[in-house]
Amino acid sequence: MKFLNRRASAVAAVVLSATLGLTACGSTTDTSSDSSSSSDGDISVTFLPKNLGNPYFETSDAGGQKAVEEFGGTYSEVGPDTATPDGQVSFIQTAAQQGTSALVLSANDPTALCDSLNQASDAGVKIVTFDSDVDTDCRDIYVNQATAEGIAKVQVDMIADQIGDSGQIAILSAAANATNQNAWIELMKKDLKADHPNIDLVDVVYGDDDDQTSFDKTAALLQTYPDLKGIVSPTTVGIAAAARYVSTSSYKGKVAVTGLGTPNQMREYVKDGTVTEFALWNPEELGYLAAYAAKALVDGTITGAEGDTFTAGDLGDYTVGADGTVLLGDPYKFNADNIDDFDF
Ligand code: RAM
């Protein structure tokens with residue numbers, strides 16, 4: 001945590017400078033959109049988020065663009081409007097046909113993308129997952145934001161703290177097949193069982209990383225479980241929608257809302273007392289690191305084997321761990337005392 005505190009302030013500065021230089025990145029909102037910036041480098045990197053229009057991925061992909069421009073490559077971003085695996089497949093195929101050097105994606109499903117990813121790989125495309133992984137044999141590297149155990153624990157700790165370690169809670173997740181959320185939820189269940197016997201997880205519902213669906217699922221949860229004491233949403237889309245619902249309802253101050261959110265989306269709900277504390281990592285750093293990992297694969301610095309090392313620009317040196325995973329850091333907690341120090 002000491003390391004993170006130090007890094008978090010540095011990160012805020014990086015975020016600001018990147019945001020200033022990268023205003024075009026958030027404008028890609030329709031299914032066929034493709035924003036690209038090119039230079040005379042010959043490494044082309046295509047970012048494929050779970051969905052477009054999600055501020056989390058706008059920030060992560062802006063970090064990717066910053067890195068690609070730093071090393072003189074060609075950046076592009078493509079993606080579906082809805083967070084589904086089917087929506088991602090055609091973009092993988094097109095990127096391979098266009099001969100992109102590397103694809104950097106956050107997967108909506110661990111296995112459904114594998115056929116198209118393997119075809120892209122056979123065509124010479126380096127495959128980097130970030131944020132949400134696929135099966136290990138369908139990609140070269142996974143850039144993980146923090147360990148799944150750490151992400152699960154921080155959320156369980158926060159909800160336990162916020163409801164006095166006792167009572168009913170529910171989870172409002174993203175898409176039902178999302179690799180990252182499902183891994184975290186399994187570990188949260190284990191943590192709850194082992195260390196919080198008086199907390200009762202009554203339901204897990206899916207808002208599909210869609211604002212309106214997440215909002216409606218929040219309303220339904222509160223109606224179905226009148227004794228609910230807290231909602232944990234391990235998705236930036238879900239937590240913002242849940243907080244918005246609770247903030248104007250009679251549940252404000254009575255039902256805790258926590259999970260993973262971006263400071264910019266959650267600021268008003270922390271200020272109005274709906275939300276006490278939530279967590280995240282820096283998505284911009286995640287995209288930046290993933291782009292440098294892609295470059296290192298393309299230029300042959302690494303193959304994805306355990307022990308391979310590479311330099312990720314301003315973030316410094318990283319080593320590939322077990323199962324071709326590169327780890328960014330630890331989750332970070334945001335609350336009324338620090339939220340104004342961040343702008344993403
Ligand atoms: C949403 C997405 C993403 C996840 C964050 C926390 O933006 O589901 O995959 O990492 O939330």
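All ligand and atom numbering here is 1-based and tracks the order in the structure. Given the structure is predicted, the values throughout are model-derived calculations rather than measurements. We number each residue from 1, following the sequence as shown.
Looking only at heavy atoms of the protein, atom 1 (C) of ligand 1 is closest to Thr236 OG1, 3.3 Å.
Ligand-side atoms of ligand 1 in range of Phe57: 3 (C), 9 (O), range being under 4.0 angstrom from any heavy atom. Of all atoms in ligand 1, numbered sequentially from 1 with element shown, those under 4.0 Å from a heavy atom of Trp184 are 10 (O). The distance from ligand 1 to the heavy atoms of Gln145 drops below 4.0 Å at these ligand atoms: 10 (O).
In this model, no donor atom of one side chain and acceptor atom of the other lie less than 3.5 Å apart for Asn177 and Asn108. Between the side chains of Asp131 and Tyr56, a donor-acceptor pair is found at a separation under 3.5 Å.
Rounded to the nearest 0.5 Å, atoms CD1 (Ile339) and NZ (Lys271) are 7.5 Å apart.
Ala170 and Val202 get closest at one heavy-atom pair: CB-CG2, 4.4 Å.
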>> Asp211 vs Arg244, test: salt bridge (Lys or Arg N to Asp or Glu O under 4.0 Å). Steps then yes/no.
In response: CA-CA 10 Å; Asp211 175 69; Arg244 190 169 86 253; 2.8 Å; yes
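Using a 4.0 Å cut-off between heavy atoms, Asp209 contacts ligand 1 through its side chain alone, with no backbone atom that close. Under 4.0 Å from ligand 1, the heavy atoms of Asp131 that appear belong solely to its side chain.
Of the polar atoms of Asn180, at least one N or O is found under 3.5 Å from an N or O of ligand 1, judged by distance alone. Residue Asn54 has at least one N or O atom closer than 3.5 Å to an N or O atom of ligand 1. Backbone and side-chain nitrogen or oxygen atoms of Gln181 are examined, and one is located within less than 3.5 angstrom of a nitrogen or oxygen of ligand 1.
Remark: Gln212 CD is packed, more than 12 non-hydrogen atoms of other residues, nucleotides or ligands lying under 6.0 Å away.
Between Phe334 and Tyr332, the ring-plane angle classifies as perpendicular under the 30° and 60° cut-offs.
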